[in-house]
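The sequence lines fix the lettering, A, B, ..., with proteins before strands; numbering per chain opens at 1.
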There are 2 protein chains.
Amino acid sequence: MALKKDSPRIVLDRPNIDEAYHAVKAGISGHKTVVIIGKCSVDYEGRASSRLESGERIVLFKPDGSALVHRPRDYAPVNWQPPGSLFRTRLDEGQLQVRVFRRKENEILSARFEEITLVAVLDLRDKGEFYLYASEEDMKRAILAEPSLLEEGFRPLTAERPVEPGFIDILGFDRANTLMVVEIKRKAATKEAVKQLRRYVDFFTAGSEQKVRGILVAPDLARGAQRLLASLGLEFKALSPQRCAETLRKTRGKPLTEFFVHQ
Amino acid sequence: MALKKDSPRIVLDRPNIDEAYHAVKAGISGHKTVVIIGKCSVDYEGRASSRLESGERIVLFKPDGSALVHRPRDYAPVNWQPPGSLFRTRLDEGQLQVRVFRRKENEILSARFEEITLVAVLDLRDKGEFYLYASEEDMKRAILAEPSLLEEGFRPLTAERPVEPGFIDILGFDRANTLMVVEIKRKAATKEAVKQLRRYVDFFTAGSEQKVRGILVAPDLARGAQRLLASLGLEFKALSPQRCAETLRKTRGKPLTEFFVHQ
DNA sequence: TAATAAATGTCGTTT
DNA sequence: AAACGACGTTTATTA
């Protein structure tokens, strides 16, 4: 059973099992988004194993090969398979069964429906862009565009050529030509971030007499990070993602969305 | 508008905005699971900020206060709020808008619907147990139940009383009464795991002449972990989660499900 | 409340 | 393909 071009959409309210089976099969082979709401049990075998006993859930099968089983609670799906999985639909012992295979990890997910409340087969059109801003990357770009955000006289180096260890956010020189290693965090910097910065600074001080400054840029310092920072001889510069977003907007005179990072 | 006891379920196929609004509002105030499929844009403000431009999506509102916006692709929701959030439904400029507040983190998610394909208000009954096995915790329990899985003559200490640093998986003594620190991984142990074990062993060797053995228990060693392990003077014991699950079953003579960890 | 570790983490980038 | 780090990580556990 193939989906007709003029009927890319199926909604079945309390379908019988055959109706549900044909709709789901057609939807999956037609690369549609399939929603099944009903009473089901779910088994998973792969990196771990699990069994979910019978209950009413919302199950999604997406055209990219991802599958999700959602209970009426929790943020996370109780069972799932990532994109790239293969769907197989069948009738087994009078029940609708959908199996989801992921060859790469040798994983299999099986959902078996005892009762079906609703089946929806949808050709969802979603080309909308997703913009996430005030990211760490935005903060980096703001400092490169306006180095005084970090310190008067700061001259970043990263903008000109990539630095040896690519994991360093920004390298540059202060007014006195002292090398500065800049580590950026978009949230309050933790002790972990401090230790990370120390390692980066060590990379440049190793086997050298040259003084190197390590600057942690973040909106705030997390509990305990202040003391560790001081004890490791590093510095802190308070800077919020919001401030960076404003700077980007002003610097280039374009709408903020221009600077969003597309996901 | 309250949901009547005898109509705990609403399915609206291509509803008009007023029908949709009343159904969603009733569903949310009645602590039902609400599914809205339609064309919407989504804004988020909180730890970061995001804007999702118009497109057709599946949006879930659960009775526990969690919300999910799913595009027709990807495993992860494009936007969400965790359980405990507050829902507010309203009609705004002729569109259905649902806002989700999370006071604690000062986060807000707003979904605005231009077109509504489907609204479902459901009273999902889901008491089914979820069992996950072959977890790291299961491996630990298996070794405690059957110490020879690790090594002939191994006597675990953890079972008797909790150990000082609670982050160590198992502590015990070998046949020669040498202290053993056991780190368990359910997947191939990475270099990170090796370094972790080294830190734990150091905790016991610090300021002591006593020899301490560090054993990494895992089904396999990841690339590079072998060399690091040897260079740090640690040992490896191959053990699979499956083997542990079998041992648990044999040891106690109960069905495997008895040993599942309930999530 | 804060810190820490685990997750079927997922997802991207780089080696 | 493996490895490494980031994530609005989330979640559970422990101090």
Next on the checklist: So, using salt bridge (charged side-chain N to carboxylate O under 4.0 Å, His left out) as the criterion, who are the partners of Lys62(A) when residues are at least two apart?
Outcome noted: none
Next on the checklist: Going by the rule salt bridge (charged side-chain N to carboxylate O under 4.0 Å, His left out), which residues pair with Glu45(B) if we only count those two or more places apart in sequence or in a different chain?
Outcome noted: none
Next on the checklist: Once ring-ring contact (aromatic ring centres under 6.0 Å, His included) is applied, do any residues pair with Phe87(A), and if so which ones, sequence neighbours excluded?
Outcome noted: Phe61(A)
Next on the checklist: Considering every strand and a 4.0 Å limit on heavy-atom distances, what is the contact class for Lys104(A): base, sugar-phosphate, or nothing?
Outcome noted: nothing
Next on the checklist: Take N1-N3 plus N6-O4 or O6-N4 for Watson-Crick, N1-O2 plus O6-N3 for G-U, both under 3.5 Å. Which runs of 3 or more such pairs involve DNA chain D?
Outcome noted: C:1-7 with D:9-15, C:9-15 with D:1-7
Checklist outcome for this item: Which of dC4(D), dT8(C), dA6(D) is nearest the side chain of Leu132(B)? It is dT8(C)
Next on the checklist: Applying side chain to side chain donor-acceptor pair (under 3.5 Å), can you list everything that pairs with Arg198(A), at least two apart in sequence or on another chain?
Outcome noted: Asp202(A)
Checklist outcome for this item: Separation of dA2(C) atom P from Leu221(A) atom CG, nearest Å, is 15 Å
Checklist entry - Which is true for Glu192(B) with a 4.0 Å heavy-atom rule: it touches a base, it touches only sugar-phosphate, or it touches nothing? => result nothing
Checklist entry - Just how far, in rounded Å, is C1' of dG8(D) from CG of Asn106(B)? => result 13 Å
Checklist outcome for this item: Assign each of Gln81(A) and Asp74(B) the nucleotide of DNA chain C bearing its closest heavy atom; nearer the 5' end lies the nucleotide of Gln81(A)
Checklist entry - If you check every side-chain atom of Gln196(A), which of dT10(C), dG8(D), dA6(D) has the closest atom? => result dA6(D)
Checklist entry - Atom NE2 of His70(A) and atom C1' of dT10(D): how far apart are they, to the nearest Å? => result 13 Å
Quick one: side chains of residues 224-232 of chain B, donor-acceptor pairs under 3.5 Å with protein atoms, not counting sequence neighbours, listed by atom name and distance.
| residue | atom | partner | partner atom | Å |
| --- | --- | --- | --- | --- |
| Ser231(B) | OG | Leu228(B) | O | 2.8 |

Checklist entry - Lys185(A) NZ to dT9(D) P: how many Å, rounded? => result 11 Å
Checklist entry - Going by heavy atoms closer than 4.0 Å, what residues in residues 57-66 of chain A are next to DNA chain D? => result none
Next on the checklist: Test side-chain contact (heavy atoms from CB on, under 4.5 Å) on Ile36(A) and Leu96(A); report intermediate values, then the result.
Outcome noted: CA-CA 11 Å; Ile36(A) 308 178; Leu96(A) 173 63; 4.1 Å; yes
Next on the checklist: If I pick the P atom on dG5(D) and the same atom on dT8(C), what distance separates them, to the nearest angstrom?
Outcome noted: 22 Å
Item to check | Pro82(A), nearest nucleotide to its side chain (from dA6(D), dT10(C), dT8(C)) | outcome: dT10(C)
Checklist entry - Which whole-number value in Å describes the distance from Arg102(A) CZ to dT10(C) C1'? => result 9 Å
Item to check | Verify stack between Trp80(A) ring and dT8(C) base, 5.5 Å, 30 degrees | outcome: yes
Next on the checklist: Which residues pass the ring-ring contact (aromatic ring centres under 6.0 Å, His included) test with Tyr75(B), not counting sequence neighbours?
Outcome noted: Trp80(A)
Item to check | Pairing residues for Glu235(B) by the salt bridge (charged side-chain N to carboxylate O under 4.0 Å, His left out) criterion, not counting sequence neighbours | outcome: Arg213(B)
Item to check | Whole angstrom value for the distance that separates C1' of dG5(D) from CD of Glu183(A) | outcome: 11 Å
Next on the checklist: Could you check whether Glu183(B) and Tyr200(B), counting side-chain N and O atoms only, form a donor-acceptor pair closer than 3.5 Å?
Outcome noted: no
Checklist entry - Below 4.0 angstrom, N of the basic side chain to O of the carboxylate: do Arg71(B) and Asp126(A) qualify? => result yes
Item to check | Aromatic stack Tyr44(A)/dT8(C): centroid gap under 5.5 Å, interplanar angle under 30° | outcome: yes
Checklist entry - Which nucleotide, dG8(D), dT10(D), dC11(C), lies nearest any side-chain atom of Tyr75(A)? => result dT10(D)
Checklist entry - OH of Tyr200(B) versus C1' of dA5(C): gap in Å, rounded? => result 7 Å
Next on the checklist: Output the rounded distance in Å from CD (Gln226(A)) to P (dA2(C)).
Outcome noted: 17 Å
Checklist entry - For atom C1', what is the distance between dC11(C) and dA7(C), given to the nearest Å? => result 14 Å
Item to check | Lys191(B) side-chain N/O to dA2(D) phosphate OP1/OP2 under 4.0 Å | outcome: no
Item to check | Distance-only donor-acceptor check, side chains Gln81(B) and Arg102(B), under 3.5 Å | outcome: no
Checklist entry - Closer to the 5' end of DNA chain C via nearest nucleotide, is it Pro83(A) or Arg199(B)? => result Arg199(B)
Checklist entry - When rounded to the nearest Å, what value does the distance between P atoms of dG8(D) and dC4(D) take? => result 23 Å
